[in-house]
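Working notes for the structure below.
Lettering follows sequence order; numbering is per chain, from 1. Hydrogens, waters and symmetry mates are skipped; everything else that's a heavy atom, side chains included, is used.
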Amino acid sequence: MNSTRAKPCPLLHLDNVTIRFGGLTAVSSVSASLGDNELTGLIGPNGAGKTTVFNMITGVYAPTEGAIHFQNKSVTGLKPFAITERGIARTFQNIRLFSSLSVFDNVRVAFHLHVTQNTAHSLTRGPKFRAEERDITDQTRALLDIFQLTRVQDEPAKSLPYGDQRRLEIVRALATRPKLLLLDEPAAGMNPAEKVELMKLIRFIREKFQLSILLVEHDMKVVMGICERIHVLEYGRKIAEGTPAEIRQHPAVVAAYLGKEITH
Amino acid sequence: MLPRSQIVLLISLITAGIISASSSRIDDYILDVILGIGINIILAVSLNLINGFTGQFSLGHAGFMAVGAYAAGTLTTGPGKVWFDASGASPALLFPFVLFAGGLTAAVVGLAVGAPSLRLKGDYLAIVTLGFGEIIKVILQNIEWLGGSRGMVGIPSYTSFFWCFGAAAVTIYAAWALVNSTLGRGFLAVADDEIAAEAMGLNTTRYKIIAFVTGAFFAGIAGGLYAHLKGYISPAGFDFNKSIEIVVMVILGGMGRHVGVVIAVVLLTVLSEKLRDFGDKRMIVYSALLILLMLTRPQGLFTWKPARKAITG
Ligand SMILES: Nc1ncnc2c1ncn2[C@@H]1O[C@H](COP(=O)(O)OP(=O)(O)OP(=O)(O)O)[C@@H](O)[C@H]1O
Ligand SMILES: [Mg+2]
């Protein structure tokens, strides 16, 4: 096991991150590093603290102790929007789309990070403003096209089937042009065929958009199938890190999942 | 070539000018009601930006109207009159600047009220704006050079059909233009899901403040128009009831719909004229109407579109 291996220049680095909610230590002194263009898994039993780790990386919660660095700059304690600006995007375990907005606008909203217009430009609507609006409309269209959501682009997001909503959430996150994408249980509620599609999609996204992905997922087939490295949490502590093959045989992981199938 | 929205605005302004030129032939009472509609359109459309599109809940719009009314009144009637007269320009020409000054003052007050409370999560805005509406009344009652609780009298009637509906057209245009832009999609996102909006990199506090201050600005303009329509303003005229009246118009119009809100304003302003005989009981009818509406059509009376269509440019 090389769980203490330090990469020379990691994209994301968690340094002894701890968070306590009142008396409960949800995440305890977790360290981890992610490099560029990596596909990493974060697994662990229910309540292990996976979503909480996401919430700390994305600024929803500030860690009680420890530090988080992204591209060698501290992002500890920054607000969520500021962290997204720096290049970390996420999806939510319980889908959080803009449910009353159209599929199209759900994605187009995210392009605000790449425009130069301000309030005055919205009012005067000059040629530059209109060109920019056309531009993000085109880019939204292109993105929806890639993920086969064009057909439903005018539907309110809430009217989509579950699987499409999960996919739309990923597309919306991609529109912020992240360097790191956090996916929280994207396969939840999907049937086996959809899960296979999702695995292809995740690999495709990594190649096409040249980003790193951190994946929280309970379905071991999915995690073991696509991740290069896996970190394992139990009761808020990191108990293992390694390749899928290493993790499958790791005694602590086997014990944590005792009675459950982790070898696929 | 101007964008179509600006051509519509231009045509509206020209139409308002033409109607204004012949407005002396309109019966005085009718004209008064019509101008009242124009002012209420400005109030409701601007509140819609805050309560409808951005999903916040302000209960203090009458307070910002009061700030605008008193600021404008100060310039034409109060101590500012000296400066107003000294400029030598014709009052009709100066009036838009007076209105603008009223709007600007209201916007500054809006920033002072909104910035601290919009930073907080939860429904603090409703409580803070409710308090603001009452506080502004008390403050005005105690400023002697603004007339105290007697109010400000002898305000010249500069509010013509043109200025009233010109300002209404500009307000509708501004609200429409803001909403149909990258900025406005931010408003809608904040209203829909604040946590998701933050995760998309939207500084939600900033978006809320922009909507709130813009709303306050136009409420201030409406206040200036109101003062120069009635010729008399008093702190009591901008009370909680007035704020609620505007909120009802926005809800009835279907929060976040431009056209619905304008229709609601026309209906409610006419209705409230008809209900004048009831005197104070008017508010009971209003409240009953609001409750009935929330129970039967929570999406508003005039909501027909299932989802917003994508608009470009
Ligand atoms: N805001 C909070 N306040 C108090 N406790 C919290 C909070 N957020 C998370 N927790 C607790 O932290 C622990 C870890 O929760 P978390 O949601 O991170 O688990 P998880 O690994 O994502 O689980 P699951 O697989 O079920 O999604 C749980 O005991 C949870 O109750
Ligand atoms: Mg979770």
Greater than 12 external heavy atoms within 6.0 Å of [X]'s [atom1]:
X	atom1	value
B:Arg206	CZ	no
B:Phe100	CZ	no
A:Tyr162	OH	yes

Part of [X] within contact of chain B (heavy atom distance under 4.5 Å):
X	value
A:Leu123	both
A:Leu97	backbone
A:Arg172	both
A:Ser99	both

Sidechain-backbone polar pair: B:Glu198 side chain, A:Thr84 backbone, donor-acceptor under 3.5 Å: no

Kindly say whether B:Met200 contributes a backbone atom to a donor-acceptor pair with the side chain of A:His112 at under 3.5 angstrom? yes

Can you find a heavy atom in the side chain of A:Phe81 that is under 4.5 Å from one in the side chain of B:Leu202? no

Any idea which heavy atoms bring A:Phe98 and B:Ala196 closest together, and the distance? CE2-CB, 3.7 Å

Using non-hydrogen atoms and a 4.5 Å limit, figure out which bit of B:Tyr207 sits close to chain A: side chain, backbone, both or neither. side chain

Examine whether an atom of B:Ala197 lies under 4.5 Å from a heavy atom of chain A, and if so say whether it belongs to the side chain, the backbone or both; otherwise answer neither. both

So, taking the atom named [atom1] in [X] and the one named [atom2] in [Y], what distance separates them when rounded to the nearest 0.5 Å?
X	Y	atom1	atom2	answer
B:Leu183	A:Ser122	CG	OG	5.0 Å
B:Asp192	A:Leu101	CG	CG	5.0 Å
B:Ser181	A:Arg125	OG	CZ	6.5 Å

Max heavy-atom pair count under 4.5 Å with chain B, selected residue of A:Leu113, A:Thr119, A:Ile88, A:Val115: A:Thr119

For B:Arg185 and A:Asn106, run side chain to side chain contact (heavy atoms under 4.5 Å, CB included): C-alpha distance rounded to whole Å, both residues' side-chain angles, the deciding distance at 0.1 Å, then the answer. CA-CA 9 Å; B:Arg185 285 188 290 277; A:Asn106 262 274; over 6 Å; no

With the threshold set at 4.0 Å, does a side-chain nitrogen-carboxylate oxygen contact exist between B:Glu194 and A:Arg96? no

Under the side-chain hydrogen bond (donor to acceptor under 3.5 Å, both in side chains) rule, what do B:Thr182 and A:Glu133 come out as? Steps first, then yes or no, please. CA-CA 7 Å; B:Thr182 299; A:Glu133 288 285 291; 2.6 Å; yes

Below 4.5 Å, heavy-atom pairs only: which of B:Leu178, B:Ile195, B:Asn203, B:Thr214 has the largest tally toward chain A? B:Asn203

